[in-house]
Trainee: 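Can you read through this structure? Questions will come right after.
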Protein chains: 2
Amino acid sequence: MLKTPIASRPHDHSHCVHSALSEADALCARQGLRLTALRRRVLELVWQSHKPLGAYDILAVLSEQDGRRAAPPTVYRALDFLLENGLVHRISSLNAFIGCNHPEHAHQGQFLICRACHAAIELEQKSISDAIIASARDVGFVVEGQTVEVVGLCSGCQGA
Amino acid sequence: MLKTPIASRPHDHSHCVHSALSEADALCARQGLRLTALRRRVLELVWQSHKPLGAYDILAVLSEQDGRRAAPPTVYRALDFLLENGLVHRISSLNAFIGCNHPEHAHQGQFLICRACHAAIELEQKSISDAIIASARDVGFVVEGQTVEVVGLCSGCQGA
DNA sequence: CGAGAACGGGTAACATAATAACGTCTCTCA
DNA sequence: TGAGAGACGTTATTATGTTACCCGTTCTCG
């Protein structure tokens, strides 16, 4: 019955990052989008982190680690591009960003955020979004976008 | 089947505000909480607005209209109190606050936010929250808190 | 080719949101 | 009465996000 039982990412997931980047390359090429060096790097940073990353965290890495002269607009523009094209998601309850697990098709997932390890798991459960759409329709509201962010404990953190 | 088909509030809902304040008075009295003049005023402001209100909006009213000397902490402390005691909700996708429709019992609702008139409708649908809890359980995640914020068009704004 | 539009991105300043740290007053209650 | 707690004022600071402007590259089309 589970459509996509997406597990939390392994601790070392460099190959995941690599494949995500390749996928992004392909996707952008297909759609005539320009995944520039900066955008690609920001995507890589977001993907590398298993927990949602703030814009200013990214900014710090670009400045300190990459030596690139970066100011807020640099990061936000890259993030805007990645958001628009479904390569990352924004977690508004954290003011942070996370790589999208399914960039291949337009969607908006639900996010499970562990309050202990701060990792975020992306779900894409039709049952949730259908329940929301149905309840909204009952009061005459037409849904255009959903933000579902859940705080709790992931399986790995429940012992502690 | 609709448990609480909460309609959007009428344009003039001063009596709603009044009854909400009375309810808050009673609730705080019952629980030995101090609904001070400041806290009560902030609650009133939040309730008066049919759309979510930012902390700095509240701040502006307190300063300009009430003549009270207020700085951010003043407002945030009042909001913290109201949040803790379930009298208002925070809409994190808007960085804004809205009066709670059901302060009498602990809960966290779902919010339908109209992108045209910016009004917010609070739902409290078990079907939604159950769908979230079930999906989370499927990946071993224990839910402690939910943020469900939906953007779209309310019934009144769909013609335009 | 060459003018000009479109785009990416750097720079500065600003706007908004939230918190930290400290002081004072007042209320309560032992 | 006086010690402690709570509420709130005050100042400063941090965190997050946006605007306006400029410059160089690339793309496009006459």
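Since the structure is predicted, the reported quantities are computational estimates derived from the model, not experimental observations. Per chain, numbering begins at 1; letters A, B, ... match sequence-line order.
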Trainee: Please determine, for the side chain of A:Ala71, which listed nucleotide (C:dG9, C:dT11, D:dG9) has the closest atom?
Mentor: C:dT11
Trainee: To the nearest Å, how far apart are B:Asn85 CG and D:dA7 P?
Mentor: 10 Å
Trainee: Both B:Leu38 and B:Pro73 contact DNA chain D. Taking the nearest nucleotide for each, which residue is further toward the 5' end?
Mentor: B:Leu38
Trainee: Hey, does the side chain of B:Arg39 come within less than 4.0 Å of D:dC8's phosphate (OP1/OP2), counting only N and O?
Mentor: yes
Trainee: May I have the distance from A:Leu83 (atom CG) to D:dG17 (atom P), rounded to whole angstrom?
Mentor: 11 Å
Trainee: Examine A:Leu62 and A:Leu21 and state if one hydrophobic cluster contains both, with Ile, Leu, Val, Met, Phe, Trp and Tyr joined whenever side-chain heavy atoms are less than 4.5 Å apart.
Mentor: yes
Trainee: Reckon A:Asn95 has a side-chain N or O less than 4.0 Å from the OP1 or OP2 of C:dA17?
Mentor: no
Trainee: Compare the minimum distances between each of D:dT10, D:dA7, C:dG9 and the side chain of A:Thr36, then state the nucleotide with the smallest one.
Mentor: C:dG9
Trainee: Just the rounded figure in Å: distance from C1' of C:dG8 to CG of A:Asp80.
Mentor: 13 Å
Trainee: Quick check: B:His89 with B:His102 (ring centres under 6.0 Å apart)?
Mentor: no
Trainee: Calculate the interatomic distance between B:Leu82 atom CG and D:dC8 atom P; express it in whole Å.
Mentor: 10 Å
Trainee: From the options A:Val42, A:Val46, A:Leu82, A:Leu79, select the one residue that forms a side chain to side chain contact (heavy atoms under 4.5 Å, CB included) with A:Leu87.
Mentor: A:Leu82
Trainee: Report the nucleotide, chosen from D:dT16, D:dG9, D:dG6, that has the shortest atom-to-atom distance to any side-chain atom of B:Arg34.
Mentor: D:dG6
Trainee: In this structure, how many angstroms lie between the C1' atom of D:dG6 and the CG atom of B:Leu35, rounded?
Mentor: 15 Å
Trainee: Round to the nearest Å and state the distance from B:Leu59 atom CG to D:dT10 atom P.
Mentor: 12 Å
Trainee: Atom CD1 of A:Ile58 to atom C1' of D:dA15: distance rounded to whole Å?
Mentor: 15 Å
Trainee: Under 5.5 Å centre to centre and under 30° between planes: does that hold for B:Tyr76 and the six-membered base ring of C:dT19?
Mentor: no
Trainee: From CZ of A:Arg69 over to P of D:dC23, roughly how many Å is that when rounded to an integer?
Mentor: 15 Å
Trainee: Contact class for A:Arg77 vs. all strands (heavy atom < 4.0 Å): base, sugar-phosphate, or nothing?
Mentor: base
Trainee: Counting heavy atoms from C-beta on, name the nucleotide in D:dG9, C:dG10, D:dT16 closest to the side chain of A:Thr74.
Mentor: C:dG10
Trainee: Is it the case that atom NE2 in B:His18 sees more than 12 heavy atoms from other parts of the structure closer than 6.0 Å?
Mentor: no
Trainee: Given 3.5 Å as the limit, does a donor-acceptor pair link the side chain of A:Asp80 with the main chain of A:Arg77, or not?
Mentor: no
Trainee: Taking atom types as they are modelled, would you say the side chain of B:Tyr56 forms a donor-acceptor pair with the base of C:dA17 within the 3.5 Å cutoff?
Mentor: yes
